[in-house]
Amino acid sequence: MKVIKDIRAMQEISEFLRRTGKKIGLVPTMGYLHEGHVELLIAAKDECDVVIASIFVNPAQFLPGEDFEKYPRDFMRDYFICMQAGVDYIFNPEAEEVYGKDYKTYVSINDLSDKYEGKFRPGHFTGVATIVLKLFNITKPHRAYFGQKDAQQVVTLRKMVKDLNVDVEIRVCETLREENGLAKSSRNVYLDDKQREDAAVLNEALNLGKNMILKGDFDDYKSVKKAMRDYIETKTPECSLQYIAITDNELMEKIDDLKNYEGEVLISLAVFFGKTRLIDNILFTK
Ligand code: PAF
């Protein structure tokens, strides 16, 4: 396994791999890898000839006051996890090289970037789409692997790829969960033991919403949201719910007529436990 820090060097390697007929799989990450990332690496290993894992804490997707500085970083730990997962290249550039002097170009996906997560984290998806497109241009993958845990990120990147005719297949792997249902996330290290236990409420509430919808046991989408909100607030009064969204999985449009809707339903939510903001979602077909 090789670690590449230089953009030009990575491009040349990827160009060579492509010319020699190799299928390249990219797993973009911000490091501090957990089992969820390992699933993505394994899927890439299964489906591609060469796996590139990028490790880059992308400053452009953090808002002022967010946890960019304290975002967990441990390169050596990530290095060994990648090695065990059979990664061929780690791409680990410096921010100064990625966003050089007078950097000006950003990718923004209208509407999709601004709702739900984007409403509470304005500019976040522009930062994500920009870095992901840059990583695609640098590592030239055939396939790129993302976790369903970040549902709006997946929807946004799919749209970017479609709208900009980017020749990369987006592959999505299921969310990995702790035993209590808490979605695996690098940010879970911020939770204390009690919060970690309490955070099971996210997945429980999502399943409550899903079951109500599938059984038809609701008046309208507002009553599903209310039942979920009541469940969260009663079970863990010390947490603070930011939003619940019931949408389609294509443009994350709100489903007004949930009774008669047929197709994929995405329920997403964000909850604060102390200062730690957790997101989760459930995707199913009605
Ligand atoms: O999901 C993440 O870890 C990041 O948003 C990504 C896709 C690596 C872009 O920085």
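One is the number of the first residue; the rest follow in order along the sequence. We count ligands from 1, going down the list as the structure has it; atoms in each ligand are counted the same way.
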Exercise. Looking at residues at least two apart in the chain, or sitting in another chain, which of them share a ring pair (Phe, Tyr, Trp, His ring centres under 6.0 Å) with Phe120?
Worked result: Tyr243
Exercise. Does any N or O atom in Thr29 lie less than 3.5 angstrom from one in ligand 1, N or O only?
Worked result: no
Seminar exercise, completed: ring pair (Phe, Tyr, Trp, His ring centres under 6.0 Å) test vs Tyr71 passes for just one of Phe62, Tyr32, Phe56, namely Phe62
Exercise. Quick one: hydrophobic cluster around Phe125, which other residues, with the 4.5 Å side-chain cut-off, linked directly or via members?
Worked result: none
For this session: Would you check if there is a donor-acceptor pair between the side chains of Asn207 and Asn203 at a distance under 3.5 Å?
Result: yes
For this session: Please work out which of His124, Gln153, Lys149 has its closest non-hydrogen atom nearest to atom 5 (O) of ligand 1.
Result: Gln153
For this session: Please write down residue, atom name and distance for the protein heavy atom closest to atom 9 (C) of ligand 1.
Result: Gln61 OE1, 3.3 Å
For this session: Considering the heavy atoms of Pro28, write down every atom of ligand 1 situated less than 4.0 Å from one of them.
Result: 8 (C)
Problem set entry | Atom indices of ligand 1, in the order listed, that fall short of 4.0 Å to a heavy atom of Ile131 | 9 (C), 10 (O)
For this session: Assess whether atom NZ of Lys286 is packed by more than 12 heavy atoms of other residues, nucleotides or ligands within 6.0 Å.
Result: yes
